[in-house]
**Q** 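What follows is a structure written as structure tokens; I'll ask about it next.
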Amino acid sequence: MRVRGWDGKEPGGRPNPRGTRPRTKERPRHDDAVAARVVTIDRGRFTVLVDEDGDARTVTAMRARELARSGIGAVAVGDRVDVVGDVTGAVDTLARVVRVRPRTAVLRRTADDTDPVERVIVANADQLLVVAAAADPEPNLRMVDRCLAAAFDAGMGAAIALTKADLADPEPVIDAYRGLEAPVLVLARTVDASGRERVHGLQAVVDWLAGRESVLVGPSGVGKSTLVNALVPGAGRATGVVNTSTGQGRHTSSSAVALRLGTAAGDGRAPSGWVVDTPGVRSFGLAHLEPQRLLESFPDLSPGSALCPRGCTHDEAECALDAWVGGGNAGTAGPVRLASLRRLLRSRAGEEDPHAPRR
């Protein structure tokens with residue numbers, strides 16, 4: 001029995017052979033694509049910065065279908081991409097992201113230490129600035145340790161911005177990180193007789209950020225967005241207050257955003273760079289980080305692990321790092337550095353550090 005169409009005729013070939021193209025596995029090469037930088041992402045829409053011959057403009061774009069089929073993971077803030085379509089930046093126009101260029105570094109975390117899904121925080125950043133407060137809220141050194149471990153694993157430089165030093169003594173936090181190549185930059189606010197507010201220590205932060213691409217990470221309420229507004233005048237990042245009942249801050253930034261650091265920050269001496277402000281985090285999982293990879297970020301200690309027993313966690317009695325450091329192979333700072341490494345390892349394992357400073 002033959003099946004006839006709605007018009008009573010037998011179904012034939014294509015209704016309009018000239019109106020459709022035959023299927024092909026060849027994909028467009030997009031030779032006309034322009035380079036751009038992803039500066040923020042909001043509900044599947046990317047805001048990218050296109051800079052052609054000094055003409056910088058922001059363009060709204062979406063993920064192209066062929067990019068989704070290519071197997072490339074999620075696009076992140078900081079990614080260098082190629083876009084096609086309307087790249088004029090005019091209102092109500094939409095371009096397409098068709099390629100993601102190779103990344104130089106990726107800062108990632110997991111939801112907790114058992115979550116196998118890695119979440120990319122930012123791509124192509126040179127360094128991480130962990131923002132913590134000396135008080136209000138109390139400094140969470142385990143969180144700082146975890147952020148530093150993720151940065152070292154990604155091959156990034158790192159520093160700690162300790163805000164609100166006018167409320168508590170910053171020395172305990174400074175002492176806790178003397179063994180790491182992560183300077184503690186202390187920030188304090190004062191108000192003069194005329195009521196004018198001043199941030200002390202800001203220029204040290206500007207100098208550390210100058211000419212680099214940096215990402216700021218920290219829990220809510222530590223003054224991260226306030227710091228960004230001081231570094232990038234006109235950024236307009238929302239700020240909040242700490243809940244007096246829980247001692248925790250409220251989320252004021254809902255998405256990461258990359259901002260150009262210009263000469264307006266500090267006293268105007270800094271060359272341009274980029275800072276990425278991220279939403280406040282309450283957990284920083286390191287399920288993706290192996291102890292050996294963390295050890296490799298300590299080049300003065302890692303050679304000593306060659307004599308460690310198989311499966312050594314580098315934080316046990318049989319670890320050969322103690323003998324390596326005891327023999328002077330890691331220099332005069334060896335014992336302090338080894339203690340710092342083991343604190344990061346304990347933090348990664350979710351264990352309390354008995355030697356951590358108490359506030």
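Basis for what follows: all heavy atoms, side chains included, without hydrogens, waters or symmetry-related copies.
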**Q** Show the nearest heavy-atom pair for residues S302 and E296, with the distance to one decimal.
**A** CB-CA, 4.2 Å
**Q** Do V97 and V39 share a hydrophobic cluster, counting only Ile, Leu, Val, Met, Phe, Trp and Tyr and linking them when any side-chain heavy atoms are less than 4.5 Å apart?
**A** no
**Q** Are L129 and V206 connected, step by step, through hydrophobic side chains (Ile, Leu, Val, Met, Phe, Trp, Tyr) whose heavy atoms are closer than 4.5 Å?
**A** yes
**Q** Examine distances only and state if a side-chain atom of R63 and a backbone atom of V98 form a donor-acceptor pair shorter than 3.5 Å.
**A** no
**Q** Rounded to the nearest 0.5 Å, how far does CZ of R108 lie from CZ of R119?
**A** 13.0 Å
**Q** Can we say R178 and E171 salt-bridge, meaning some charged N sits less than 4.0 Å from an Asp/Glu carboxylate O?
**A** yes
**Q** Return yes if some donor-acceptor pair links the side-chain N/O of T40 with the main-chain N/O of A256 below 3.5 Å, else return no.
**A** yes
**Q** For I174 and V184: C-alpha separation, side-chain torsions, deciding distance, then whether side-chain contact (heavy atoms from CB on, under 4.5 Å) applies.
**A** CA-CA 6 Å; I174 296 174; V184 179; 3.9 Å; yes
**Q** State whether the side chain of R282 and the backbone N or O of G280 hold a donor-acceptor pair below 3.5 Å, judged by distance alone.
**A** no
**Q** Could you give all pairs that pass the side chain to side chain donor-acceptor pair (under 3.5 Å) test and reach residues 122-133, with sequence neighbours left out?
**A** T104-N124, Q127-S214
**Q** For A158 versus A151, what's the shortest heavy-atom pair and its separation?
**A** CB-CB, 4.2 Å
**Q** Applying salt bridge (Lys or Arg N to Asp or Glu O under 4.0 Å), run through R342 and D322 and close with a yes or a no.
**A** CA-CA 11 Å; R342 285 177 171 165; D322 293 282; 2.9 Å; yes
**Q** What do the steps show when you test K164 against D166 for salt bridge (Lys or Arg N to Asp or Glu O under 4.0 Å), and what is the final call?
**A** CA-CA 5 Å; K164 306 183 184 181; D166 50 297; over 6 Å; no
**Q** Starting from L185, can I reach V131 by hopping between I/L/V/M/F/W/Y residues whose side chains sit under 4.5 Å apart?
**A** yes
**Q** Is R189 atom CZ crowded by more than 12 heavy atoms from other residues, nucleotides or ligands, each under 6.0 Å away?
**A** no
**Q** As a quick check of understanding, evaluate salt bridge (Lys or Arg N to Asp or Glu O under 4.0 Å) for R37 and E213, giving each step before the final call.
**A** CA-CA 12 Å; R37 174 200 300 263; E213 298 193 17; 3.3 Å; yes
**Q** What is the distance from atom CG of D112 to atom OG of S283, rounded to the nearest 0.5 Å?
**A** 7.0 Å
**Q** Are side-chain heavy atoms of D277 and S225 found at a separation under 4.5 Å?
**A** yes
**Q** Where is the tightest heavy-atom contact between W208 and L128, given as atom of each residue plus distance?
**A** CH2-O, 3.3 Å
**Q** Hey, mind stepping through D300 and R337 against salt bridge (Lys or Arg N to Asp or Glu O under 4.0 Å) and telling me if it holds?
**A** CA-CA 9 Å; D300 52 339; R337 294 267 291 168; 2.9 Å; yes
**Q** Verify the cluster assignment for L49 and V122: are they in a single hydrophobic cluster under the rule of side-chain heavy atoms below 4.5 Å apart?
**A** no
**Q** Which value, rounded to the nearest 0.5 Å, describes the distance between D145 atom CG and S340 atom OG?
**A** 8.5 Å
**Q** Compare every heavy atom of F284 with every heavy atom of M143, then report the nearest pair and how far apart it is.
**A** SD-CB, 3.8 Å
**Q** Are D315 and T313 linked by a side-chain donor-acceptor pair shorter than 3.5 Å?
**A** no
**Q** Using 0.5 Å steps for rounding, measure from the CG atom of L345 to the CD atom of E316.
**A** 10.5 Å
**Q** Determine, stepwise, if the pair L301 / V325 fulfils side-chain contact (heavy atoms from CB on, under 4.5 Å).
**A** CA-CA 8 Å; L301 299 178; V325 171; 3.8 Å; yes
**Q** Output yes when a side-chain donor or acceptor of D79 lies under 3.5 Å from a complementary backbone atom of V81, and no otherwise.
**A** no
**Q** For the SG atom of C319 and the CG atom of L295, what is their distance to the nearest 0.5 Å?
**A** 8.0 Å
**Q** Would you check if the side chain of T163 reaches a backbone N or O of A132 as a donor-acceptor pair within less than 3.5 Å?
**A** yes
**Q** Check whether any side-chain N or O of N329 sits under 3.5 Å from a backbone N or O of W324 as a donor-acceptor pair, and report yes or no.
**A** yes
**Q** State whether R45 and D42 are salt-bridged, where the test is any N-O pair (Lys NZ or Arg NE/NH1/NH2 against Asp/Glu carboxylate O) under 4.0 Å.
**A** no
**Q** For the CG atom of L294 and the CD atom of Q292, what is their distance to the nearest 0.5 Å?
**A** 9.5 Å
**Q** V281 and V215: same hydrophobic cluster, using ILVMFWY side-chain contacts below 4.5 Å?
**A** yes
**Q** Could you tell me whether the side chains of T190 and H200 share a donor-acceptor contact shorter than 3.5 Å?
**A** yes
**Q** Any heavy-atom pair between the side chains of I160 and V144 that's under 4.5 Å?
**A** yes
**Q** Locate the shortest heavy-atom distance separating L227 from A161; write the atom from each residue and the value.
**A** CD2-CB, 4.3 Å
**Q** Is D31 atom CG crowded by more than 12 heavy atoms from other residues, nucleotides or ligands, each under 6.0 Å away?
**A** yes
**Q** Mind listing the closest non-hydrogen atom pair of K224 and P279 along with its distance?
**A** NZ-C, 4.1 Å
**Q** With side-chain contact (heavy atoms from CB on, under 4.5 Å) as the test, would you mind laying out the steps for L107 and V120 before giving the verdict?
**A** CA-CA 6 Å; L107 180 66; V120 177; over 6 Å; no
**Q** Please tell me if the side chains of L202 and L231 come closer than 4.5 Å, counting only heavy atoms from C-beta onward.
**A** yes
**Q** Less than 4.5 Å apart, any side-chain heavy atom of M62 and any of L94?
**A** yes
**Q** What verdict does the side-chain contact (heavy atoms from CB on, under 4.5 Å) test give for L259 and V275, after you've listed the backbone C-alpha separation in whole Å, the side-chain angles of each residue and the deciding distance to 0.1 Å?
**A** CA-CA 5 Å; L259 301 164; V275 291; 4.2 Å; yes
**Q** Give a yes or no on whether the backbone of F152 and the side-chain of S297 come within a donor-acceptor separation of less than 3.5 Å.
**A** no
**Q** With a 3.5 Å distance limit and no angle check, can you tell me whether T60 reaches the backbone of T47 through a side-chain donor-acceptor pair?
**A** no
**Q** Here's one to test your reading of the geometry: is the NZ or CZ of R96 within 45 degrees of the ring axis of F46 and under 6.0 Å from its centre?
**A** no
**Q** Verify the neighbour count for atom CD of E181: are there more than 12 heavy atoms of other residues, nucleotides or ligands below 6.0 Å?
**A** no
**Q** Main chain of T226, side chain of N229: is a donor-acceptor contact present, judged purely on distance under 3.5 Å?
**A** no
**Q** Should H314 and F298 count as side-chain neighbours, where that means a heavy-atom distance under 4.5 Å?
**A** no
**Q** Has D113 got a side-chain atom pairing as donor or acceptor with L286's backbone, closer than 3.5 angstrom?
**A** yes
**Q** Do the non-hydrogen side-chain atoms of C312 and E318 ever get within less than 4.5 Å of each other?
**A** no
